Trainee: 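I'd like to ask some things about the structure below.
Any value given below was found using the heavy atoms of this structure, including those in side chains, with hydrogens, waters and symmetry copies removed. Source: prediction; values computed, not measured. Just so we're on the same page: letters track the sequence lines, and every chain starts at 1.
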Amino acid sequence: MATPSPVWFERDPLELAPLLLGGVLRRADRAGAVAIRVTEVEAYRGADDPGAHSFRGRTARNATMFGPGGHVYCYFTYGMHHAVNVVAGPAGSGWGVLVRAGAVVEGAALALARRSARRASAPSGELARGPGNVAQALGATLADDGAALGGTTSDGAAWSFEPVAGFAPPGHRTGPRVGVSGPGGDATAFPWRFWLPGEPSVSAYRAAAPRRRSPAG
DNA sequence: CGGTCGATAGTCT
DNA sequence: GACTATCGACCGG
């Protein structure tokens with residue numbers, strides 16, 4: 001099965017998110033191809049979602065989220081990490097699904113090499129555990145922002161996504177999103193994280209940490 | 001094991 | 001100038 005037509009992605013992220021679970025996200029460039037079977041995602045719902053980048057409207061960074069579904073929204077944060085999202089909904093919605101984790105099913109050696117270039121080695125089962133590691137394993141950078149799934153970027157990176165044939169895999173779980181606080185600091189107000197149980201690549205839950213300021217003076 | 005904290009820079013107020 | 005859809009080293013048990 002190939003990447004579905006763009007229309008397939010143009011649905012509510014709360015509906016699309018579980019459909020992505022178990023599917024295979026793949027990126028290929030000159031260095032080679034890496035593919036992951038998606039095991040954990042989070043839905044971000046634009047203007048209705050205080051935790052979404054797109055909550056306050058379109059900016060230069062989040063412009064891709066406001067484009068049509070079926071594209072890659074890739075951003076850079078914390079001064080060192082990239083993250084990969086699948087844009088959901090029709091153009092203008094600002095909807096997306098963050099790919100938080102996956103099991104590497106192709107190109108494990110390349111994924112490990114990319115990891116080693118920056119940090120020490122990691123257990124192969126955890127090569128794509130956490131959003132930053134997903135992007136690093138796939139080799140995704142800001143140059144991939146706006147890439148069409150099923151297409152190729154101007155830099156020559158080919159992206160594709162193959163969903164599980166037919167339906168979402170049974171038995172997926174839902175819970176609060178990681179590192180996102182809802183109204184009143186309650187992340188459980190938006191339990192929009194979806195994952196496959198029993199997968200070693202699924203990251204542990206971390207609440208949005210109110211990080212302590214450095215001591216005054 | 002599990003909790004805590006530093007690194008590091010783009011983005012928005 | 002504070003905050004961030006984070007990672008991993010480090011420390012104590």
Trainee: Quick one: A/Arg177 CZ to C/dT6 P, roughly how many Å, whole number?
Mentor: 11 Å
Trainee: Can you list everything that forms a side chain to side chain donor-acceptor pair (under 3.5 Å) with A/Asp144? Sequence neighbours excluded, please.
Mentor: A/Arg27, A/Trp159
Trainee: Could you work out, with side chain to side chain donor-acceptor pair (under 3.5 Å) as the rule, every residue matching A/Glu40, not counting sequence neighbours?
Mentor: A/Arg100, A/Arg193, A/Ser203
Trainee: Roughly how many Å is it from NE2 in A/His82 to P in B/dT8, rounded to a whole number?
Mentor: 15 Å
Trainee: Tell me the interatomic distance from A/Gln136, atom CD, to C/dC7, atom P, rounded to whole angstroms.
Mentor: 10 Å
Trainee: For A/Thr3 and A/Ser160: C-alpha separation, side-chain torsions, deciding distance, then whether side chain to side chain donor-acceptor pair (under 3.5 Å) applies.
Mentor: CA-CA 6 Å; A/Thr3 300; A/Ser160 66; 4.5 Å; no
Trainee: Using the P atom as the point on both nucleotides, what is the distance between C/dA5 and B/dG3, in whole Å?
Mentor: 23 Å
Trainee: Could you go step by step and tell me if A/Asp145 and A/Thr64 meet the side chain to side chain donor-acceptor pair (under 3.5 Å) rule?
Mentor: CA-CA 7 Å; A/Asp145 182 43; A/Thr64 297; 3.1 Å; yes
Trainee: Round to the nearest Å and state the distance from A/Leu127 atom CG to C/dC7 atom P.
Mentor: 13 Å
Trainee: Are A/Asn133 and A/Leu127 side-chain neighbours, meaning at least one heavy-atom pair lies under 4.5 Å?
Mentor: no
Trainee: Taking the hydrophobic residues Ile, Leu, Val, Met, Phe, Trp and Tyr, and joining any pair whose side-chain heavy atoms are under 4.5 Å apart, which ones share a cluster with A/Trp95?
Mentor: none
Trainee: Once you apply a heavy-atom cut-off of 4.0 Å, does A/Asn133 come out as touching a base, just sugar-phosphate, or nothing?
Mentor: sugar-phosphate
Trainee: Test the A/Arg177-A/Tyr44 pair against the cation-pi criterion, namely NZ or CZ under 6.0 angstrom from the six-membered ring centroid and within 45° of the ring axis.
Mentor: yes
Trainee: Compare side-chain N and O positions of A/Arg100 against OP1 and OP2 of C/dT6 and report whether any pair is under 4.0 Å apart.
Mentor: yes
Trainee: Hey, does A/Gly51 reach any base, or is it just sugar-phosphate, or nothing, if we go heavy atoms under 4.0 Å?
Mentor: base
Trainee: Could you state the atom-to-atom distance from CG of A/Leu98 to P of C/dT4 in whole Å?
Mentor: 16 Å
Trainee: Once side chain to side chain donor-acceptor pair (under 3.5 Å) is applied, do any residues pair with A/Ser93, and if so which ones, sequence neighbours excluded?
Mentor: none
Trainee: For ring-ring contact (aromatic ring centres under 6.0 Å, His included), just list the numbers for A/His53 and A/Tyr75, CA-CA rounded to whole Å, side-chain angles, deciding distance to a tenth of an Å, and then say yes or no.
Mentor: CA-CA 10 Å; A/His53 284 173; A/Tyr75 67 89; 4.5 Å; yes
Trainee: Are there any protein N/O atoms within less than 3.5 Å of an N/O atom in nucleotides 9-12 of chain B, and if so, which ones and at what distance?
Mentor:
| unit_1 | atom_1 | unit_2 | atom_2 | d |
| --- | --- | --- | --- | --- |
| B/dA9 | N3 | A/Gly79 | N | 3.4 |
| B/dC12 | OP1 | A/Thr59 | OG1 | 2.5 |

Trainee: What integer distance in Å separates A/Trp192:CH2 from C/dA5:C1'?
Mentor: 13 Å
Trainee: How many whole angstroms separate atom CZ of A/Arg115 from atom P of C/dC7?
Mentor: 9 Å
Trainee: Planes under 30° and centres closer than 5.5 Å, is that true for A/Tyr75 with the base of C/dA5?
Mentor: no
Trainee: Nearest-Å distance, CG (A/Asn85) to P (C/dT6)?
Mentor: 11 Å
Trainee: Represent DNA chain B in dot-bracket notation, 5' to 3'. Only Watson-Crick or G-U wobble pairs with both distances under 3.5 Å count; pseudoknot-style crossings use [ ] and interstrand partners use |.
Mentor: |||||||.||||.
